[in-house]
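Down below is the structure, laid out as structure tokens.
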Amino acid sequence: MRLIQTLAAAALALVTSFAVADDAEQAIRKTLKSLESEVPVESISSSPLNGLYEVKLQGGRVLYASADGQFLVQGYLFQMQDGKPVNLTEKTERQAIAKTINAIPAAEMVVYPAKGPVKSHITVFTDTTCPYCHKLHAEVPELNRLGIEVRYVAFPRQGLGSPGDEQLQAVWCSKDRNGALDKMIDGKEIKAAKCENPVGKQFTMGQSIGVNGTPAIVLEDGQVIPGYQPAPQVAKLALASSK
């Protein structure tokens, strides 16, 4: 009899917890909707901190909210593990960004393969009108020699419809994208017929993961490195991210 009572109490507690969680999700979604956020919510779940809910946005960014939806927090949540602080927010965001970026089909990128065995890869949001993108592109052969595959995606930093957008669309509509990108960065004009291309989609994706300038380098583990970094430093970070 006591066992039956114990099981019944456990079942009631479980049902109650699901109901509370469902109410919290509805309250949080209502608050987010009232803010007219343009970024879709992927999931809402309990965070490691009691009473705080983790809100995952499309693209990987994370917010935190109270169960009643009255409080929203944007920032890092740390947990002490073995006496050391672990950034749980950054860990969650990197996993989501890696999943998003690594799911981009190779056919939608401009890829410069590694020489020999691939030790790691980087995905670079680029703009052909960006001087520091030119500087990074000049070091792609060195990265390739170091075993790093370089994958380019488009990010017209001045927005859709800008000269950079037109140039990137021309690159992505070329039969030889690598050759077209090389020429465009070298200051040469290329011509390509208009076509359906992923430039706009990639620009939106970049914004969703927090890219606001070029070049932006995304490592294999989802870490975003804003701005130019010399090839040896990029290679060091890329190799560390693949371990």
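Model, not experiment: these values are computed from the prediction.
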Quiz item: Between the side chain of N102 and the main-chain N/O of A98, is any donor-acceptor distance below 3.5 Å?
Solution: yes
Quiz item: Which heavy-atom pair separates L52 from S47 by the least distance, and what is that distance?
Solution: O-OG, 2.7 Å
Quiz prompt | Side-chain heavy atoms of H137 within contact of V140, under 4.5 Å | solution = yes
Practice problem: Determine the minimum heavy-atom distance between A67 and A27, stating which atoms define it. | Solution: O-CB, 3.7 Å
Quiz item: Does any non-hydrogen side-chain atom of T126 lie less than 4.5 Å from one of T128?
Solution: no
Practice problem: Decide yes or no for F155 and Q207: does some side-chain heavy atom of the first lie under 4.5 Å from some side-chain heavy atom of the second? | Solution: yes
Quiz prompt | Backbone N/O of N178 and side chain of Y112: donor-acceptor pair under 3.5 Å | solution = yes
Quiz prompt | P163 side chain near Q158 side chain, heavy-atom distance below 4.5 Å | solution = yes
Practice problem: Find out whether Q167 and D127 are in side-chain contact, i.e. whether some heavy atom of one side chain is under 4.5 Å from a heavy atom of the other. | Solution: no
Quiz item: Of all heavy-atom pairs between E108 and W172, which one has the smallest distance, and what is that distance?
Solution: O-NE1, 2.9 Å
Quiz item: Any side-chain heavy atom of V153 within less than 4.5 Å of one from V124?
Solution: no
Self-check item: 4.5 Å side-chain heavy-atom contact, T129 and T214
Solution: no
Quiz item: Between E42 and R61, is there a side-chain N and carboxylate O pair less than 4.0 Å apart?
Solution: no
Quiz item: Just by modelled atom types, is the Q223 backbone N or O under 3.5 Å from a matching donor or acceptor in the D221 side chain?
Solution: yes
Exercise. Walk me through it: do S120 and E220 pass the test side-chain hydrogen bond (donor to acceptor under 3.5 Å, both in side chains)?
Key: CA-CA 7 Å; S120 187; E220 194 171 337; 3.0 Å; yes
Exercise. Measure from the side-chain N and O atoms of Q202 to the backbone N and O of A154, and report whether any donor-acceptor pair falls under 3.5 Å.
Key: yes
Exercise. For E139 and Y228, test the side chains for any donor-to-acceptor distance below 3.5 angstrom and give the result as yes or no.
Key: yes
